[in-house]
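Notes to accompany the following structure.
Atoms considered below: every heavy atom in the structure, side chains included; atoms not considered: hydrogens, waters and symmetry mates.
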Amino acid sequence: YNYKLAGGEINVRTENPDSIITDLNNSTSICSLTTNYNNFLMWAHYAEAHTGICLKFDFKDTKIRKSFHALNMLIPQSTNKIFEDVYEVQYTDIRPNINDELLSLFIFKSKQWSYENEFRLINLTPKKPITYQTECLISIYAGCRMHTENVKTIENILKTQKHHTNLYKMVIDPHEFKLNPQLIDY
């Protein structure tokens, strides 16, 4: 089966749901975004247990809209559009039915994940990285367990950029269960 979508076409071998999900995983990439850069669970789940990074973009800037819009993106019709190709994930107790709308696999999640406040860009070009203009990146947050040499590597890369990007190291608050960003002057 071929599913024609706004940004391209996905080839699916069978109606077997497991096979469809495998085919989708092999033919798409998803850029997951959130409004909450300092959530403990987000850092644990998506940033290699606090050793990774979080990138902060200025989505109010039209440059980033054009930057992301230039990609080959999937455009679901039944979602809340934030702008152009960015969609808010819908949290529900009901599992989406693949037969009703294949795209629902990308945009619906269990209510248990609602703390993520997730938005998604969905790219139909396999293995193609999602790129952006450097001036759209306004901050980088390094995880609280990131090795010092990795933070230094990020500093060195940022020093070569024409556009200034703030760099922060996340620090565990000594009095509350939260993370605090500590600005790194480079």
Side-chain angles (χ1 to χ4, degrees), residues 7-8 24-75 81-89 106-107 109 113-186:
L24 289 173
N25 284 337
N26 291 332
S27 62
T28 59
S29 57
I30 296 174
C31 177
S32 294
L33 307 165
T34 183
T35 59
N36 191 357
Y37 71 89
N38 63 350
N39 182 297
F40 264 104
L41 289 175
M42 294 293 285
W43 280 97
H45 292 154
Y46 299 107
E48 299 292 327
H50 299 266
T51 62
I53 62 172
C54 174
L55 305 177
K56 182 177 183 179
F57 295 100
D58 182 1
F59 277 99
K60 294 176 184 138
D61 190 329
T62 58
K63 289 178 187 175
I64 194 166
R65 294 178 192 178
K66 290 177 184 173
S67 177
F68 280 121
H69 184 64
L71 299 171
N72 181 20
M73 294 295 167
L74 178 68
I75 304 175
K81 277 190 179 183
I82 303 307
F83 66 80
E84 298 297 331
D85 300 316
V86 177
Y87 300 90
E88 185 176 7
V89 169
F106 295 114
I107 54 176
K109 292 175 87 169
W113 295 99
S114 64
Y115 70 88
E116 292 182 339
N117 297 319
E118 186 178 358
F119 299 83
R120 287 185 170 178
L121 290 161
I122 302 164
N123 188 351
L124 290 177
T125 307
K127 309 296 184 212
K128 181 179 179 182
I130 293 176
T131 59
Y132 57 88
Q133 298 170 355
T134 56
E135 56 268 16
C136 299
L137 178 64
I138 58 174
S139 299
I140 297 177
Y141 298 87
C144 62
R145 296 178 62 205
M146 179 179 275
H147 295 289
T148 304
E149 61 269 13
N150 293 339
V151 176
K152 290 290 184 195
T153 298
I154 295 170
E155 285 180 41
N156 292 332
I157 292 169
L158 290 176
K159 286 177 186 177
T160 67
Q161 304 296 313
K162 292 179 184 177
H163 172 76
H164 179 77
T165 300
N166 291 323
L167 177 61
Y168 297 91
K169 173 78 180 221
M170 299 305 287
V171 179
I172 297 174
D173 189 286
H175 306 290
E176 298 179 46
F177 290 111
K178 68 178 189 175
L179 297 168
N180 298 316
Q182 183 178 51
L183 183 65
I184 297 173
D185 187 28
Y186 64 92

Could you go through Thr34 and Glu118, starting from their C-alpha distance and side-chain angles, then the distance that decides it, and tell me whether this counts as side chain to side chain donor-acceptor pair (under 3.5 Å)?
CA-CA 5 Å; Thr34 183; Glu118 186 178 358; over 6 Å; no

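- With a 4.5 Å cut-off on side-chain heavy atoms, Tyr37 and Met42 do not count as touching.
- The shortest side-chain heavy-atom distance between Leu179 and Val171 does not fall under the 4.5 Å cut-off.
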Could you tabulate the donor-acceptor pairs under 3.5 Å formed by side-chain atoms of residues 50-57, not counting sequence neighbours?
| residue | atom | partner | partner atom | Å |
| --- | --- | --- | --- | --- |
| Thr51 | OG1 | Glu48 | O | 2.6 |

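- The pair Arg120-Glu88 does not count as a salt bridge, with every side-chain nitrogen at least 4.0 angstrom from each carboxylate oxygen.
- The nearest pair of heavy atoms linking Tyr141 to Trp43 is O-CH2, 3.3 Å.
- Between Leu41 and Tyr115 there is a side-chain heavy-atom pair separated by less than 4.5 Å.
- The side-chain hydrogen bond (donor to acceptor under 3.5 Å, both in side chains) pairs that include a residue from residues 174-186 are His164-Tyr186, Asp173-Asn180, where partners are two or more places apart or lie in different chains.
- By the 4.5 Å heavy-atom criterion applied to side chains, Tyr168 and Ser139 are counted as neighbours.
- Taking all atoms of both residues into account, the shortest heavy-atom contact from Val151 to Ile184 is CG1-CD1, 3.6 Å.
- Looking at heavy atoms from C-beta onward, Ile172 lies in side-chain contact with Cys144 at the 4.5 angstrom threshold.
- A 4.5 Å side-chain heavy-atom check between Asn166 and Ile140 finds every atom pair outside the cut-off.
- With a 4.5 Å cut-off on side-chain heavy atoms, Lys109 and Glu116 count as touching.
- Although no hydrogens or angles enter the test, the distance criterion places a donor-acceptor pair under 3.5 Å between the side chain of Asn156 and the main chain of Lys152.
- More than 12 heavy atoms of other residues, nucleotides or ligands sit less than 6.0 Å from atom NE2 of His45.
- Side chains of Ser32 and Phe119 form no contact here, defined as non-hydrogen atoms less than 4.5 Å apart.
- A distance-only check finds a donor-acceptor pair linking the side chain of Thr165 to the backbone of Leu137 [under 3.5 Å].
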